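The structure appears below as structure tokens.
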Amino acid sequence: MTSKVPTVKGTREFYPEQMSLRNFLDEKVRAASQAFGYQEYDGPFIETIDLYAAKSGEELVKKQSFTFEDRGGDLVTLRPELTPSLARMIAAKQNELVYPVRWWSFGPFWRYEQPQKGRTREFFQWNIDMLGVDSPEADAEIIAVAATFLRSVKLDPARATIYVNNRRLMESQFDALGIFPDKRVEVSNLVDRRSKMEPAKWDEYALEVGLSQSQLDGLKNVLGNYDLWKKSDELTRTFDALEALGMKEYIKFNPNIMRGLLYYTGTVFEAFDTTGSLKRSIFGGGRYDNLLEDVGGQPLPGVGFAMGDVVIGIILQEAGLLPEFTPTPAQVLVTVFDEKLSSQSYKLAAELRDAGLNTIVYPEPAKLPKQFKFADRMKMKVALVLGPDEAEKGLVVLKNLLNGEQVQVPREAVVASVKGILNNA
RNA sequence: GCGGAUGUAGCUCAAUGGCAGAGCACUUGACUGUGGCUCAAGUGGUUGUGGGUUCGAGCCCCAUCAUCCGCCCCA
């Protein structure tokens, strides 16, 4: 039964279970970022549309952004990506930052697209970038951060692979085939779409774009050449560094990875789940050496990537790699026997909290079976009972809900006993 | 923007055009101070919404809304 006021299409409600997944991703992303010394930052959630007009691609700005007029009549948009905001923030303090800048962020983004598997209109995204260095080793580091994340969530190389390519390398190949720069964008799109189209249809499409038959044949040769990276000094150095960083197993050169985004200039990469039901990329990124200039800064090279929470969430769930959900952060329940004894229970709960134990006390006198059932459903570990018999003798019944064992302990020893059980659980 | 599918109990789903059901969950009891396991009983419905066809519609038709899957696009 749907509520009278439905949610906005494509938005998401994070019930505690989904929230724990979001927090799990936040933790893993933070850990991978910080392992390499990256600093956390964030930008505005609302930006003017102009920020994205320059470089983000027409489709994104015109059709996939949540844009509206504010009360002052300005066109604003809910951010569909972070990189332009990052570029502006860097440009604004370009002369006072310590380089290389290593920054990361995990926050909400919005895109007005048709919701489907792996795609929502509201999502969280991990962004991580290094600016101020244009070395192939910097590219390797960013890719290594990504691989570190994959490893930390236990997606092994057999399951998740990072495909790497280089635009400069591809452009030199295009040049050699006589494909002129004015066709670059179309040819990039062509390459991007190859895996999704029937071979014959793709050939047709290629000829429509304006390639000659010999250029098409040449292009197919290039795209099938998995040793092509040897012709690129950049990629050779990047792969060497990745080997030294211990991440080579996650990496594969793939000349078919182009990425649609206009601002990439050098190495580009994209990760896919190689076994699951989802064909979407887990994350993608690359080197963008002109972006700062484009937003009005001094030239500054950069490399980075972004990962949405939706696809990785589905993959981890399908792979059974999500941690077991713990309904309540409290492991201890203090039951309330009856109205007369309830204040005793509240006092005991307060003591447990003072001792650093997260504790729930039942908020009304209810039948014990109901209270125990609550503790069970919440996967709590210890239940305490303070009934008339115990109150009289200064005791508390302490039940280990994991094994059902139950003991009576003196009131003063409760904290220590509970801690003992929790330590062994 | 285009195409396909699905909307029935809190959840997952059944029901040839002829009495709207099951499992799970919930409540109660078996068990008067103890969860899980078991057994029994009970509560729970404007079949998404609005029209139409029919003696009769959950089922057929039209419209509409929502969700899911795909296309487009993917930063």
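Protein chains get the first letters and strands the later ones, always in sequence-line order, with residue 1 at the start of each. Keep in mind the model is a prediction, meaning the values are calculated, not measured.
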So Gly404(A), base contact, sugar-phosphate only, or nothing? Heavy-atom distance under 4.0 Å.
base
Taking any heavy-atom pair under 4.0 Å as a contact, classify Gln406(A): base, sugar-phosphate, or nothing.
base
Most 5' of Lys370(A) and Ser281(A) on RNA chain B, judged by nearest nucleotide
Lys370(A)
Going by salt bridge (Lys or Arg N to Asp or Glu O under 4.0 Å), name the pairs with one or both residues in residues 398-413 of chain A, residues two or more places apart or in two chains.
Glu351(A)-Arg411(A)
Pairs touching residues 322-344 of chain A that satisfy side-chain hydrogen bond (donor to acceptor under 3.5 Å, both in side chains), sequence neighbours left out:
none
Can you tell me which stems RNA chain B forms, taking runs of 3 or more consecutive Watson-Crick or G-U pairs with both distances under 3.5 Å?
B:1-7 with B:65-71, B:10-13 with B:21-24, B:26-30 with B:38-42, B:48-52 with B:60-64
Just N and O in the side chain of Lys399(A): are any of them under 4.0 Å from OP1 or OP2 of rG35(B)?
no
Have a look at Gln114(A) and say if it touches a base, only the backbone sugar-phosphate, or nothing, with a 4.0 Å heavy-atom cut-off.
base
When the C1' atoms of rG44(B) and rA25(B) are considered, how many whole Å apart are they?
11 Å
Which value, rounded to the nearest 0.5 Å, describes the distance between Phe269(A) atom CZ and Ile142(A) atom CD1?
6.5 Å
Donor-acceptor pairs are to be reported for all side-chain atoms of residues 151-160 of chain A against protein atoms at under 3.5 Å, with residues two or more places apart or in another chain.
{"unit_1": "Arg151(A)", "atom_1": "NH2", "unit_2": "Gly246(A)", "atom_2": "O", "d": "3.0"}
{"unit_1": "Arg151(A)", "atom_1": "NH2", "unit_2": "Glu249(A)", "atom_2": "OE2", "d": "2.7"}
{"unit_1": "Ser152(A)", "atom_1": "OG", "unit_2": "Phe149(A)", "atom_2": "O", "d": "2.8"}
{"unit_1": "Asp156(A)", "atom_1": "OD1", "unit_2": "Ala158(A)", "atom_2": "N", "d": "3.2"}
{"unit_1": "Asp156(A)", "atom_1": "OD1", "unit_2": "Arg159(A)", "atom_2": "N", "d": "3.2"}
{"unit_1": "Arg159(A)", "atom_1": "NH2", "unit_2": "Thr275(A)", "atom_2": "OG1", "d": "3.4"}

By a strict heavy-atom criterion of less than 4.0 Å, which residues belonging to residues 372-382 of chain A are in contact with RNA chain B?
Phe372(A), Lys373(A), Asp376(A), Arg377(A)
Residue pairs fulfilling side-chain hydrogen bond (donor to acceptor under 3.5 Å, both in side chains) with at least one residue in residues 295-308 of chain A, sequence neighbours excluded:
none
With sugar-phosphate meaning primed atoms plus P, OP1 and OP2, does Leu386(A) contact a base, only sugar-phosphate, or nothing at under 4.0 Å between heavy atoms?
nothing
Check every strand shown and say whether Phe109(A) touches a base, only sugar-phosphate, or nothing at a heavy-atom separation below 4.0 Å.
nothing
On the nucleotide rC73(B), are OP1 or OP2 found under 4.0 Å from the side-chain N or O atoms that Arg193(A) carries?
yes
Quiz question: by atom type and distance under 3.5 Å, do the side chains of Asn166(A) and Thr267(A) form a donor-acceptor pair?
yes
In short, salt bridge (Lys or Arg N to Asp or Glu O under 4.0 Å) pairs touching residues 26-48 of chain A with sequence neighbours left out are Asp26(A)-Arg30(A), Arg30(A)-Glu40(A), Asp42(A)-Arg79(A), Glu47(A)-Arg88(A)
Under 4.0 Å, counting only non-hydrogen atoms across every strand here, what does Glu405(A) touch: a base, just sugar-phosphate, or nothing?
nothing
Hey, could you give me each pair passing salt bridge (Lys or Arg N to Asp or Glu O under 4.0 Å) that has a residue in residues 364-376 of chain A? Not counting sequence neighbours.
none
Going by the ring-ring contact (aromatic ring centres under 6.0 Å, His included) test, which pairs reach into residues 361-397 of chain A, not counting sequence neighbours?
Tyr362(A)-Phe374(A)
